[in-house]
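Right, one structure below, let's go through it.
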Amino acid sequence: MEYENTIEFAKRADSNDILKNYREYFHFPKIGNNECLYFTGNSLGLQPKTTKEYINRELDDWAEFGVEGHFDAKRPWFSYHELLTNKTARLVGAKPEEVVVTHSLTTNLHLLMVSFYRPNVNRFKIICEAKAFPSDQYALESQVRFHGFNPDEAIVEVSPREGEHIIRDEDVIAKINECGNELALVMIGGVNYYTGQVFDMKRITKAGHQVGALVGWDLAHGAGNLVLNLHDWEVDFAAWCGYKYLNSSPGGVSGIFIHETHVKNKDLVRFAGWWGHDKETRFLMEKGFNPIATAEAWQLSNAPVLGMAAHLASLEMFDEIGMDALWEKTIKLSGYLEYVINIISNELDVNLEIITPTDWSQRGCQVSIIAHGYGKQLFEKLSKAGIIVDWREPNVIRMAPVPLYNSFEDVYKFGEVLKAAL
Ligand SMILES: *Cc1c(COP(=O)(O)O)cnc(C)c1O
């Protein structure tokens, strides 16, 4: 796409955008009387206008049926989560039996590690990225301690090289090989939440398997952002939250992926609950856990239907569009943001350093910028002008032009406000 930093260009690009109508399906927050420019869909996705209807449906059925709603509701609660399964499978490139929507993200990471981090004195190390999202760091440390190991010895972090912001895939692989048969698990954020870097999940998974380790991915910033092929990449497990790119309400439900080679293994160690038990015999309430031969076996409790309803409202849009079409727009739209930032940097002779990789195989829609020489004042000016971006001290701006509801005009307007603020 040949870009121009003009409103005419932005409007033209929007009118040619086949996804342009989806913007109308979302509520944009207002500051005063004006709709803000929203670039934090990587933190909390916007509310689809259909969400209320989906949740109200369940509230109405609860009022009408009480407990009978488990079977008599329009969308019976007993099997509500199943409405999400095929759509989720298509979203992440999985077979339906490899995914389930359940619990929340960190809870799921723990439940998955119960099954897939089984250390012994010889093989106990975990490789993760340096400065992983704090919840992931705490989850890993506590798992290591739970098994009686010392996090300082067991957790091996891979950092960017001196003077670089991005962790090189080859450095992750070198570390995997260095740990060799001491390595039990690789668990990395597939998209780094800070820089927006995307790891080569297929290559790293393969390298982990070659030394006999298992490989899992936290896809909090990957699901709904990237085209994923978890089954074909032979990923052992993955989990993601529903409330970032997937717009499924604050703290909304999470998805998990477990490769078919593992879901078929009934002897796998797991923490069990009645919702993971064989559906036919669940209500016999008998002794002896008999896991469902799908990712559903990791479900503990009956599904939180209101959260699932919010998830369904949003997933229907993803399913209608497909990740390939969203990805095509990401390349154009995030590419435009990058272009606008570079133009402004040059024009004003300021140093706005984009730390997100430029190569499309190494990034999603997020763009992270270091505003050299500027502090929080810049962020405050942007906020005052009605722009919602994410600020990290001392001077990093993270923003995600989301292909589902952001426009080229949003990006153009952001550039104008940024220019004025600088
Ligand atoms: C957002 C995010 C989380 C949040 O975890 P919750 O359990 O949903 O609160 C965890 N890990 C990563 C990498 C994230 O980006």
Side-chain angles (χ1 to χ4, degrees), residues 39-46 84 88 91-92 100-114 116-117 126-143 155 157-160 166-167 172 185-199 201 204 215-226 228 230 235 237-257 271 298-301 303-304 306-308 310-311 314-315 355-356 363-368 388-392 396 398-400 402:
F39 291 111
T40 44
N42 56 342
S43 217
L44 181 67
L46 289 180
L84 303 163
T88 300
L91 183 80
V92 299
V100 70
V101 172
T102 185
H103 318 125
S104 55
L105 173 56
T106 306
T107 307
N108 280 333
L109 290 175
H110 275 297
L111 292 172
L112 290 163
M113 280 192 277
V114 164
F116 299 111
Y117 179 57
I126 303 178
I127 284 182
C128 68
E129 78 274 40
K131 297 200 181 142
F133 192 88
S135 198
D136 299 35
Q137 293 183 38
Y138 308 150
L140 291 174
E141 280 170 22
S142 59
Q143 283 283 332
I155 297 180
E157 294 185 352
V158 187
S159 306
I166 301 307
I167 299 168
V172 177
L185 178 68
V186 179
M187 229 247 347
I188 298 178
V191 183
N192 183 274
Y193 79 99
Y194 191 73
T195 61
Q197 165 186 15
V198 174
F199 288 92
M201 291 183 245
I204 291 173
V215 183
W217 296 94
D218 181 335
L219 295 173
H221 286 260
N225 178 16
L226 307 176
L228 299 165
L230 300 183
V235 164
F237 68 91
W240 54 93
C241 47
Y243 53 82
K244 288 175 179 164
Y245 291 104
L246 297 177
N247 319 308
S248 300
S249 82
V253 286
S254 157
I256 62 175
F257 166 89
F271 284 173
W298 275 261
Q299 297 176 114
L300 299 181
S301 305
L306 300 184
M308 300 258 163
H311 199 38
S314 179
L315 272 189
I355 58 174
T356 308
R363 57 173 295 186
C365 76
Q366 180 179 323
V367 179
S368 298
I388 304 187
V389 292
D390 179 86
W391 180 266
R392 296 282 148 141
V396 171
R398 296 186 312 159
M399 47 194 302
V402 169

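Residue numbers run from 1 in the order of the sequence given. Atoms within each ligand, like the ligands themselves, are counted from 1 in listed order.
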Residue part near ligand 1, for Ala220, under 4.0 Å between non-hydrogen atoms: side chain

Side-chain donor or acceptor of Asn225 paired with backbone N/O of Cys365 under 3.5 Å: yes

Any donor-acceptor pair under 3.5 Å from Thr107 side chain to His103 backbone: no

Atom 1 (C) of ligand 1 - nearest protein heavy atom and its distance: Lys244 NZ, 1.3 Å

Which residues share a ring pair (Phe, Tyr, Trp, His ring centres under 6.0 Å) with Phe199, sequence neighbours left out: none

For atom 9 (O) of ligand 1, the protein heavy atom that lies nearest, with its residue and separation: Tyr243 OH, 3.6 Å

Non-hydrogen atoms of Leu105 and Ala220 that approach each other most closely: CD2-CB, 3.7 Å

Polar contact flag for Thr106 and ligand 1 (N/O pairs, less than 3.5 Å): yes

Atoms of ligand 1, numbered as shown, that sit under 4.0 Å from any heavy atom of Asp136: 10 (C), 11 (N), 12 (C), 13 (C)

Heteroatom distance test (His221, ligand 1): nitrogen or oxygen, under 3.5 angstrom: yes

Identity and distance of the protein heavy atom lying nearest atom 3 (C) of ligand 1: Phe133 CE2, 3.3 Å

Aromatic plane relationship, Tyr193 with His221 - under 30° parallel, 30 to 60° tilted, over 60° perpendicular: tilted

Sequence-distant partners of Ser43, side-chain hydrogen bond (donor to acceptor under 3.5 Å, both in side chains), two or more places apart: none

N or O pair under 3.5 Å between Thr107 and ligand 1: no

